[in-house]
Protein chains: 2
Amino acid sequence: MDTAGGRSDEETEVPRKSGKTLVEGAYETLRQEILDGTFEPGTKLRTEELRARYNISGSTMREALTRLLGEALVTTEGQRGFRVAPASLEDFEDLTRVRVLVETEALRQAIAHGDEAWESRIVASFYRLSKVEERLAQNQKSAISDYEERNRDFHNALIAACPSRWLHYIAGILFQQSERYRRLALSRRTIARDLHAEHKAIFDAAIARDADLACKYAAEHIERTLTALQFALEPDGTKKDRQAGKRAKEKEFTPKEEA
Amino acid sequence: MDTAGGRSDEETEVPRKSGKTLVEGAYETLRQEILDGTFEPGTKLRTEELRARYNISGSTMREALTRLLGEALVTTEGQRGFRVAPASLEDFEDLTRVRVLVETEALRQAIAHGDEAWESRIVASFYRLSKVEERLAQNQKSAISDYEERNRDFHNALIAACPSRWLHYIAGILFQQSERYRRLALSRRTIARDLHAEHKAIFDAAIARDADLACKYAAEHIERTLTALQFALEPDGTKKDRQAGKRAKEKEFTPKEEA
DNA sequence: GTCAAATAAAATATCGATATTTTATTCTGT
DNA sequence: ACAGAATAAAATATCGATATTTTATTTGAC
């Protein structure tokens with residue numbers, strides 16, 4: 001009884017562990033692969049290819065693709081399929097500014113509304129983050145994926161007490177977007193940066209309930225991500241070659257990839 | 001040659017006028033129907049029902065539904081289908097505050113960057129809006145749908161010169177959401193409101209390039225939408241019955257509809 | 001009578017096949 | 001040679017049918 005439709009119980013790339021729909025599986029996996037650069041910005045996403053990759057059917061794959069549309073990780077146009085959302089330094093600059101606006105407000109509200117539970121969660125996630133930062137400083141590669149998770153946890157913990165669902169929703173989308181850029185930057189030249197100090201500054205101010213100071217540090221923290229990527233793209237620090245800067249600014253990240 | 005899959009050329013509810021995919025058609029129509037309250041908040045959206053309604057197939061309908069997910073007009077959970085996103089006064093309060101934050105910033109940037117073309121577009125759309133406001137004041141029902149379009153145009157024109165794509169993207173989602181609430185309020189008791197005066201205040205300040213003033217009026221304008229809905233839900237203006245207010249605040253709009 | 005297990009009905013998620021478009025390739029006339 | 005029409009190949013969008021789950025209903029023991 002396995003002729004036409006329905007699921008088979010053969011091996012599936014995307015394991016459907018515990019009540020998780022196939023679409024959801026493909027959706028999450030694909031999102032991950034877009035974020036970590038497996039599919040570079042601008043790349044065409046052929047349904048047939050992906051369908052085969054995730055061992056699911058066309059319509060199902062289509063649905064997964066469509067979900068990513070809502071997170072602005074994928075674009076689609078009329079009758080010519082899907083592709084990974086384009087990325088550019090210009091877009092990242094814009095994204096960063098908006099992120100500052102949104103996360104800063106969320107943080108401010110969190111500090112205003114946060115209770116003891118909020119504080120303790122911050123303390124805990126900051127501690128966990130610090131631990132992995134140590135490992136990172138020693139260049140332990142195994143630490144990288146841990147770092148990403150704990151960094152996200154810390155950021156979430158900070159704004160957790162913000163009561164605005166809409167701010168959380170928007171902040172989530174923006175943070176995810178910036179993750180993509182952060183990883184793009186990682187694959188190139190990295191800038192020296194004392195992440196621990198940045199995090200600690202925000203942490204201290206938040207615990208001290210100094211909203212203005214916490215927002216100031218948070219804004220700087222976010223903006224430094226942008227600086228890092230700008231640096232990665234434009235190694236030439238001298239003021240001479242300003243054209244290079246302009247060129248880099250206009251440059252899209254989408255590499256050779258088919259147009 | 002019209003046995004199994006593909007399109008037929010029979011009549012279709014959703015006309016595919018000029019290169020517009022069937023999913024897009026269903027998606028747009030359904031969005032409209034959610035916004036205007038044809039499908040009330042919380043309503044279950046059975047694929048079979050909708051599939052039949054729009055004369056398309058199941059998977060295709062599914063895809064349309066999935067798109068609305070990204071605009072937060074529809075929700076989905078595990079293996080139990082889709083439903084219209086819930087609505088509550090609490091959510092609208094939150095939405096309103098975030099809208100003020102975002103639109104205010106967009107307006108500020110627009111005023112900073114706007115050129116003559118921007119100004120003239122505002123002048124034009126304000127004029128058009130004023131005209132329809134006159135008709136509205138005379139209680140011409142035919143004016144309502146025109147008003148909605150021109151109101152949106154005016155708001156868009158105001159922030160059109162804001163260079164941030166992300167702000168536009170977010171503002172778009174939020175505005176759409178608030179449209180749903182506005183129409184929900186319309187179906188109930190309405191509050192006396194001089195919309196023309198509100199619009200004119202924003203208009204004048206924008207043209208005068210007074211960002212602070214324009215933002216102030218815009219914020220008040222947005223917040224008044226909230227006041228209007230609060231009033232519609234809580235006709236009792238006396239301070240006596242504060243419990244009613246609390247009750248109303250917690251109340252979800254999703255009426256009798258199946259849970 | 002009531003609660004829970006067993007069964008039936010409804011609804012969801014998924015599939016594989018096909019029609020329609022878009023893109024690439026081959027002609028063909030100047 | 002080369003632009004443009006004609007054809008072939010590839011890719012997209014869509015369908016109708018089926019397996020899997022969830023929800024409703026019946027049944028049966030205590």
Side-chain angles (χ1 to χ4, degrees), chain A residues 1-29 43-69 74-84 257-259, chain B residues 1-29 43-69 74-84 257-259:
Chain A
M1 237 83 97
D2 189 20
T3 36
R7 304 171 183 179
S8 79
D9 22 23
E10 303 170 61
E11 85 298 339
T12 18
E13 277 297 339
V14 180
R16 50 178 141 66
K17 46 171 145 177
S18 77
K20 191 188 281 187
T21 213
L22 283 192
V23 208
E24 278 166 18
Y27 153 70
E28 282 170 18
T29 310
T43 309
K44 197 143 198 329
L45 294 169
R46 286 184 207 76
T47 17
E48 170 55 25
E49 235 174 70
L50 296 173
R51 185 206 71 66
R53 186 186 183 93
Y54 302 129
N55 277 92
I56 58 179
S57 129
S59 343
T60 307
M61 190 63 234
R62 216 138 208 299
E63 207 183 307
L65 254 342
T66 301
R67 280 213 198 180
L68 269 333
L69 220 65
V74 159
T75 64
T76 183
E77 193 198 337
Q79 219 113 350
R80 66 199 53 138
F82 303 85
R83 43 180 71 228
V84 179
E257 213 68 45
E258 70 224 294
Chain B
M1 235 83 97
D2 188 18
T3 35
R7 304 170 182 177
S8 79
D9 22 22
E10 303 171 61
E11 85 299 339
T12 19
E13 278 298 338
V14 180
R16 50 180 140 67
K17 47 171 145 177
S18 77
K20 191 189 279 188
T21 213
L22 284 193
V23 207
E24 277 166 18
Y27 154 69
E28 282 170 19
T29 310
T43 310
K44 200 144 196 328
L45 294 169
R46 284 186 208 75
T47 17
E48 170 55 24
E49 235 172 73
L50 296 173
R51 184 206 71 66
R53 185 186 184 94
Y54 301 130
N55 278 93
I56 58 179
S57 131
S59 342
T60 307
M61 191 62 235
R62 219 140 205 297
E63 207 183 306
L65 254 342
T66 301
R67 280 213 198 179
L68 268 334
L69 221 65
V74 158
T75 63
T76 182
E77 193 199 336
Q79 219 115 347
R80 66 198 54 136
F82 303 85
R83 45 180 70 227
V84 180
E257 214 65 46
E258 70 223 291

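Numbers restart at 1 for each chain; the letters A, B, ... are given by sequence-line order, proteins then strands. This one's a predicted model, so the numbers in the text were calculated from it and none came from an experiment.
The CD atom of Q79(B) sits 13 Å away from the C1' atom of dT23(D) (whole-angstrom rounding). Between the CD atom of E63(A) and the C1' atom of dT12(C) there is a distance of 10 Å, given to the nearest Å. Protein atom CG of L69(A) is 15 Å distant from nucleotide atom P of dT12(D), rounded to whole Å. Taking atom CZ of F82(B) as the reference point, atom C1' of dT22(D) lies 15 Å away to the nearest angstrom. Separating the CZ atom of R51(B) from the C1' atom of dT12(C) is a distance of 14 Å, rounded to the nearest angstrom. I56(A) has its CD1 atom 20 Å from the P atom of dT12(C), to the nearest Å. Rounded to an integer number of Å, the gap from E24(B) CD to dT12(D) C1' is 12 Å. Protein atom CG of L22(B) is 16 Å distant from nucleotide atom P of dA19(C), rounded to whole Å.
Here the side chain of T76(A) pairs a donor or acceptor atom with the backbone of G81(A) at under 3.5 angstrom.
Close to dT14(D), at under 4.0 Å from its OP1 or OP2, lies no side-chain N or O of T60(B).
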**OP:** Could you go through the side-chain contact (heavy atoms from CB on, under 4.5 Å) check for T66(A) and F82(A) one step at a time?
**Re:** CA-CA 9 Å; T66(A) 301; F82(A) 303 85; 4.2 Å; yes

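Between R67(A) and L69(B), the closest side-chain pair of non-hydrogen atoms falls below 4.5 Å.
Listed by chain and number, the residues in a side-chain contact (heavy atoms from CB on, under 4.5 Å) with E28(A) are K20(A), R31(A) (sequence neighbours excluded).
S59(B) contributes a side-chain N or O that forms a donor-acceptor pair with the base of dC15(D) under 3.5 Å.
The side chain of S57(A) lies closest to dG16(C) when the candidates are dG16(C), dT14(D), dC15(D).
One finds the OG1 atom of T60(B) at 12.0 Å from the CG atom of N55(B) (value rounded to the nearest 0.5 Å). Rounding to the nearest 0.5 angstrom, the gap separating the CG atom in L50(A) from the OG1 atom in T29(A) is 11.0 Å. For the atom pair E77(B) CD and R83(B) CZ, the distance stands at 9.0 Å (nearest 0.5 Å).
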Could you list the protein-to-nucleotides 9-11 of chain C atom pairs, N/O on both sides, closer than 3.5 Å?
from	atom 1	to	atom 2	distance (Å)
dA11(C)	OP1	R46(B)	NE	3.4

